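Computed from a prediction, not measured in an experiment: that's the story for all the values here. Throughout, protein chains are lettered first and strands after them, A, B, ... in sequence-line order, and every chain is numbered starting at 1.
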Amino acid sequence: MTQLNSYRSGPDERGHFGIFGGRYVSETLMPLILEVERAYAAARKDPSFQKELDYYLEHYVGRPSPLWLAERLTKALGGAKIYLKRDELNHTGAHKINSCMGQILLAQRMGKKRIIAETGAGQHGVATATVCALFGMSCTVYMGATDIARQAPNVFRMKLLGAEVKPVTSGTGTLKDAMNEALRDWVANVEDTYYIIGTVAGPHPYPMMVRDFQSVIGRETREQIMGFEGRLPDKLVACIGGGSNAMGLFHPFLDDKDVAMDAVEAAGLGLDSGKHAASLQGGRPGVLHGNRTYLLMNEDGQIDEAHSISAGLDYPGIGPEHSWLHEIKRVKYVAATDDEAIEAFKLLSRTEGILPALEPSHALAHVARIAPKLPKDYLIVMNLCGRGDKDIFTIGERLGVKL
Amino acid sequence: MSRLAGRFAELAKEGRAGLVTYVMAGDPDTTEAQKILDGLPAAGADVIELGLPFSDPMADGPAIQAAALRALNNGASTRKALAQLKKFREKDKTTPVVLMGYYNPIYIYGPERFCKDAAAAGADGLIVVDLPPEEDAELRPYAKEAGLDLVRLATPTTDDSRLPVVLEGASGFLYYVAVLGVTGTRSAASDDVSAAVARFRKTTKLPIAVGFGIKTPEGAAAIAKNADACVVGSALVQQVVEGPAAEAAGRVHGLVKALAGAVRAARAKRTA
């Protein structure tokens with residue numbers, strides 16, 4: 001057997017990470033996927049593309065995002081030294097815009113006129129609507145009817161930005177159905193439309209491309225932690241739904257053997273409750289939305305509904321590269337429940353003056369579990385991938401406060 | 001000769017196009033679905049596509065999505081779909097049946113076991129919508145071993161450079177998806193379809209069936225002038241909900257009769 005000398009060389013030319021990934025799409029979509037693949041391969045090699053992207057990331061998105069030594073949080077937990085990668089400070093309040101910016105520049109290169117996207121919590125929809133407004137492109141966002149009801153502020157934001165928000169009532173009316181509907185739209189509008197997928201999932205080249213665009217998070221982190229500490233961190237922690245923020249933080253460090261990585265899935269009401277979104281810990285390999293990956297499903301291969309208090313983690317699948325990293329054990333996948341996330345939300349708000357989104361609150365719940373038992377010179381970097389303003393209604397309801 | 005090849009040879013001899021009818025296994029419930037399937041040949045179906053229900057049918061429009069959900073909500077599964085086919089085969093030994101579905105339920109069933117069980121139940125071919133040529137090496141050898149044709153799809157986006165990829169290893173017939181979009185939404189323009197069919201004939205000897213967007217006897221007749229078969233799915237599945245569930249079979253068969261009549265008369269009209 002050949003020795004794996006890099007964890008960063010995937011996927012292969014057909015889009016596979018081990019047995020995961022691939023291009024499981026209908027024939028109507030196949031030429032489109034191949035077109036995106038060719039266009040991205042050309043853009044990736046073109047220095048002017050990266051230069052243009054860097055320009056927008058710096059002057060519009062506000063990168064680099066700070067790396068913040070959370071001293072009061074560190075003190076409160078009484079162990080490892082905790083740094084927060086502040087991707088919640090990006091324009092639109094989350095990491096999603098990193099990839100939207102890259103993809104809309106690609107769409108423009110391809111001569112596309114119309115953008116479609118799916119969204120769960122609405123963060124990716126808002127980021128997509130934002131870049132569409134910036135570049136004057138038509139924008140249609142598919143969102144499950146169930147999610148529209150629980151994420152009203154983001155729906156309104158998208159509309160203010162000029163996007164059309166199309167409610168999806170098919171299936172369970174959540175993120176997976178919104179993705180089905182976006183794929184259906186794309187099939188019907190192949191000529192002028194580009195589909196901005198929000199996470200490191202979908203058919204090849206999306207998992208690779210979104211990862212590449214999000215890797216700016218890890219590249220900055222490397223430089224910043226070297227500046228503060230003169231060495232790499234001992235552990236990286238990120239939450240995981242589809243897995244784009246985790247992939248973005250982890251990927252530049254995958255070959256650094258001494259850097260451990262924990263990704264935190266949403267355990268919902270508990271992994272044993274059947275009401276969770278932990279595809280790796282509660283699912284098995286299957287094929288959905290263009291790739292083979294771990295999925296939540298029944299014994300007949302019908303996809304199950306996911307559950308999490310955080311709409312952004314509420315997806316029954318996960319990016320294929322994560323499935324691969326899970327099986328080869330390069331990344332450790334753990335989970336945090338709804339209740340643990342709420343506690344972590346409160347902890348960060350009071351110790352650091354930062355309201356985290358419910359998604360990274362899951363990552364923080366894990367940090368709060370492990371940090372007290374670790375030595376004071378142990379360095380943890382956690383990706384604070386979104387801010388919590390969007391979640392105050394959900395949290396208010398949970399805490400019995402009427403807003 | 002396989003049932004599919006035999007049926008297309010008969011159709012060629014008769015000088016007419018065939019009617020391929022799509023129905024969803026287990027829709028609206030086990031009993032009525034059996035009645036629907038069993039009565040299709042007598043109503044005029046030349047080939048049957050039996051849909052395997054899936055929770056996330058991304059290439060299908062509202063009618064077939066709803067059919068899949070109805071079936072699943074009434075306890076349908078891949079295993080039960082094969083049982084439904086087996087029962088049909090006890091009475092009908094001649095009408096070819098192609099199973100059409102998505103890959104995940106087949107992958108979970110186990111590709112090898114699925115092909116064996118499907119063939120044993122009386123299936124003649126498979127159409128797996130989200131398994132393009134690039135990925136179907138994990139199913140193709142088992143299908144071949146079980147004697148099942150693996151039907152490939154061509155679409156308006158399948159240009160001359162893509163077509164050989166689609167045709168490599170294809171068997172049974174070539175399924176031309178005549179519209180850009182999901183099942184049952186847009187209507188196919190017959191001029192575009194005949195041009196595409198003419199293009200495919202230059203590169204393949206496989207019979208060409210045309211589907212997606214054919215809703216009425218008139219629409220079917222227009223396609224039947226050039227294609228070897230026309231496929232009607234959404235319009236039939238929609239009949240299931242157009243009245244009382246217990247009378248669904250009658251409504252479906254009624255439309256099949258009308259479609260079959262139009263398809264059979266299509267070329268006669270042309271020469272008249």
Going by atom types alone, do T78(B) and D300(A) pair a side-chain donor with an acceptor below 3.5 Å?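 A pair is found: one side chain offers a donor N or O, the other an acceptor, under 3.5 Å apart.
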In sequence, state the C-alpha distance, the side-chain angles, and the governing distance for K176(A) and D56(B), and then conclude on salt bridge (charged side-chain N to carboxylate O under 4.0 Å, His left out). CA-CA 8 Å; K176(A) 75 174 178 75; D56(B) 292 77; 3.0 Å; yes
Counting only non-hydrogen atoms closer than 4.5 Å, can you tell me which residues of [range] sit against chain B?
range: residues 11-20 of chain A; result: R14(A), H16(A), I19(A)
range: residues 310-317 of chain A; result: none
range: residues 190-204 of chain A; result: V190(A)

Please rank L29(A), L183(A), V25(A) by heavy-atom pairs under 4.5 Å with chain B and give me the top one.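 Among L29(A), L183(A), V25(A), the one with the most close pairs to chain B is V25(A).
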Greatest number of non-hydrogen atom pairs under 4.5 angstrom with chain B, of T28(A), D185(A), N189(A), falls to T28(A)
Would you say P133(B) and M30(A) make side-chain contact, with heavy atoms under 4.5 Å? no
To the nearest 0.5 Å, tell me how far T157(B) OG1 sits from E35(A) CD. 10.5 Å
Do side-chain atoms of [X] reach the backbone of [Y] as a donor and acceptor pair under 3.5 angstrom?
X: R184(A); Y: P57(B); result: yes
X: D130(B); Y: S26(A); result: no
X: Q302(A); Y: S55(B); result: yes
X: E135(B); Y: Y24(A); result: no
X: E181(A); Y: M58(B); result: no

Check whether M297(A) gets within reach of chain B through its side chain, its backbone, both or neither, counting any heavy atom under 4.5 Å. side chain
Heavy-atom proximity to chain B below 4.5 Å, by part of L295(A): side chain
Output, in order, the C-alpha distance, side-chain angles, deciding distance and verdict of salt bridge (charged side-chain N to carboxylate O under 4.0 Å, His left out) for R79(B) and E299(A). CA-CA 11 Å; R79(B) 208 160 271 105; E299(A) 69 294 334; over 6 Å; no
Residue, of D60(B), L69(B), D136(B), that accumulates the most heavy atom pairs under 4.5 Å with chain A: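 Heavy-atom pair counts peak at D60(B).
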Counting heavy-atom pairs closer than 4.5 Å to chain A, which one of V177(B), I106(B), L72(B) comes out on top?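 Winner by heavy-atom pair count: L72(B).
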For the residue pair N104(B) and G301(A), what are the closest heavy atoms and their distance?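 Looking at all heavy atoms of both residues, the shortest contact is ND2-O, 2.8 Å.
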Output, in order, the C-alpha distance, side-chain angles, deciding distance and verdict of side chain to side chain contact (heavy atoms under 4.5 Å, CB included) for L288(A) and Y103(B). CA-CA 8 Å; L288(A) 180 71; Y103(B) 188 49; over 6 Å; no
Below 4.5 Å from any heavy atom of chain A, which atoms of [X] appear? Answer side chain, backbone, both or neither.
X: Y107(B); value: side chain
X: L180(B); value: both
X: E134(B); value: both

Close contacts, residues 158-169 of chain B versus chain A, judged by heavy atoms under 4.5 Å: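 If one takes a 4.5 Å heavy-atom cut-off, the residues of residues 158-169 of chain B near chain A are T158(B), R162(B), V166(B).
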With a 6.0 Å cut-off (strictly less than), is the heavy-atom count around OH of Y142(B), excluding the residue itself, greater than 12?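 Open.
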